[in-house]
Amino acid sequence: MSENKKVEKISGIKGMNDILPEQAALWELFENTVQSVLKSYGFQQMRTPIVEATPLFARGLGAVTDIVEKEMYSFEDSMNGDKLTLRPENTAGIVRAVLEHNLTYDGPKRVWYNGPMFRHEKPQRGRYRQFHQVGAEALGFAGPDIDAELIVMCQRLWDDLGLQNIRLELNSIGDAEERNRHRADLISYFEQHKDLLDAEAQRRLYSNPLRILDTKNPALQEIVNSAPKLLDYLGEESLTHFEGLQKILRHNSIPFTINPRLVRGMDYYNRTVFEWVTDELGSQGTVCGGGRYDTLFTLFGGKPTPACGFAMGVERLLELMKANGDADLSSSCDVYLVHQGEQAQMQSFVLGERLRDAGLDVVLHCASATGVGSFKSQMKKADASGAAFSVIIGEDEAVANTVTVKSMRSDDFENNQVSVPFDTAVDYLVDQIVGAEHDESQCDNPNHIHIHH
């Protein structure tokens, strides 16, 4: 290659975002909170591959859904001709895995997942081509109690994350027979107004008329509002289930609105459907959606198994957390180790390991391309790290077997630094840090987040 030929840079794929170190603290806070809440309800984590056989989604989601028709990343494996798809959602994959490993043989299961999904959509705020979802699936439970538990669990998560202004919308889309009667009347109703329907609604009229109810086109709102309502077609069992759910939610003081136009984008739903929505994110207002999918197991060749679940959009919830003031969470360390000279460097390694044994987060200064750097440049790095304390070991300290501890965040002890014998440095720093955190935890600041220790 010619020396002066410029090497072309390769950029990331549009709509697939890097999560940088300064953003990671917010993701970690969210994921740790989610894990804690789900565990407290007895849900166990499950991880499935991000690539599945294409027929899994075509059969599970429905061939005439937006996702299957125009959003899936599907390809043929050039090695063996298999038709594969990057997962656009994860319920189908979870059900496939549960059937494959016979997980419900000894009774119902509560599982949850967290990971990337892929849809070829036009990227915009809150909607990306690689996006992340946390979902929970309750498999083998038939009553409205599990539907209610999933919703109550979401409310607890919003509370624990400090999120407000997320409201719950509920509907029941009944069972297949009820939907078929409603569908026939819906088609004949829309046929009477066919000249007023937009191209998208006309396209869906015979393939998936329920989705017309979900239109965002302002010109169609009046027609849609007057369309036959699925709630009026529900039989006794579906109604009893829906009323049972509402009763539990009211008893637990969970406010909700019944939205008769609420349908979900996948064909596998039946009876309960719900969405958590916010007005703070513009057009991408749904942060979590779910419902019951009692027929999906039989669709995949399994025994009839009732099931219910939800999926939440991680990026959208993080946007809400940022709006709530959580964006300035730093992934700062407890101690930054500054050193000069070979013996001091060796001592720093030893002390770093002892401090980590004691549960502290420690960054050891290491050489850059220009070398280790002066004390002054190292102290700048220590300050930028967000560390509560820097520990300095120079040649004098190495000889005397001491360290100099400097408080980076407060002026509450003399000259801001103190000399400590090397062997007592760990106890000294633990006392300083754990003591300070204890004092902070006594404060009345409702936004204080206790991250570790």
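Heavy-atom basis, side chains included; hydrogens, waters and symmetry copies ignored.
The CG atom of N324 lies 11.5 Å from the CG atom of L317; values are rounded to the nearest 0.5 Å. Taking CD1 of I258 as the reference point, atom CG of L170 lies at 6.5 Å (rounded to 0.5 Å). Note that OG of S172 and CG of D147 are 9.5 Å apart. Values are rounded to the nearest 0.5 Å.
No side-chain donor-acceptor contact under 3.5 Å links Y73 and Q130.
The 12-atom threshold is exceeded at NZ of K229, counting heavy atoms of other residues, nucleotides or ligands nearer than 6.0 Å.
Under the 4.0 Å criterion applied to side-chain N and carboxylate O atoms, D294 and R271 are not assigned as salt-bridge partners. A salt bridge between R203 and E200 is present, with a side-chain N of the basic residue lying under 4.0 Å from a carboxylate O of the acidic one. Under 4.0 Å is where a charged nitrogen must lie from a carboxylate oxygen, and between E319 and R316 no such pair does. Ion pairing between a basic and an acidic side chain is recognised when a charged N comes within 4.0 Å of a carboxylate O; R110 and E137 show no such pairing. Using a cutoff of 4.0 Å between basic side-chain nitrogens and carboxylate oxygens, E76 and K83 are scored as salt-bridged. Under a 4.0 Å N-O distance rule, the pair R129/E121 does not qualify as a salt bridge.
Scored by the side chain to side chain donor-acceptor pair (under 3.5 Å) test, D383 finds R409 as partners (sequence neighbours excluded).
Of all the heavy atoms in P228 and Y233, the pair that sits closest is CB-OH, 3.6 Å.
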Worksheet entry | side-chain hydrogen bond (donor to acceptor under 3.5 Å, both in side chains) evaluation trace for R47 with N114 | CA-CA 8 Å; R47 302 184 188 210; N114 175 22; over 6 Å; no
Discussion item. N217 vs D198, test: side-chain hydrogen bond (donor to acceptor under 3.5 Å, both in side chains). Steps then yes/no.
Written reply: CA-CA 8 Å; N217 184 346; D198 62 16; 2.9 Å; yes
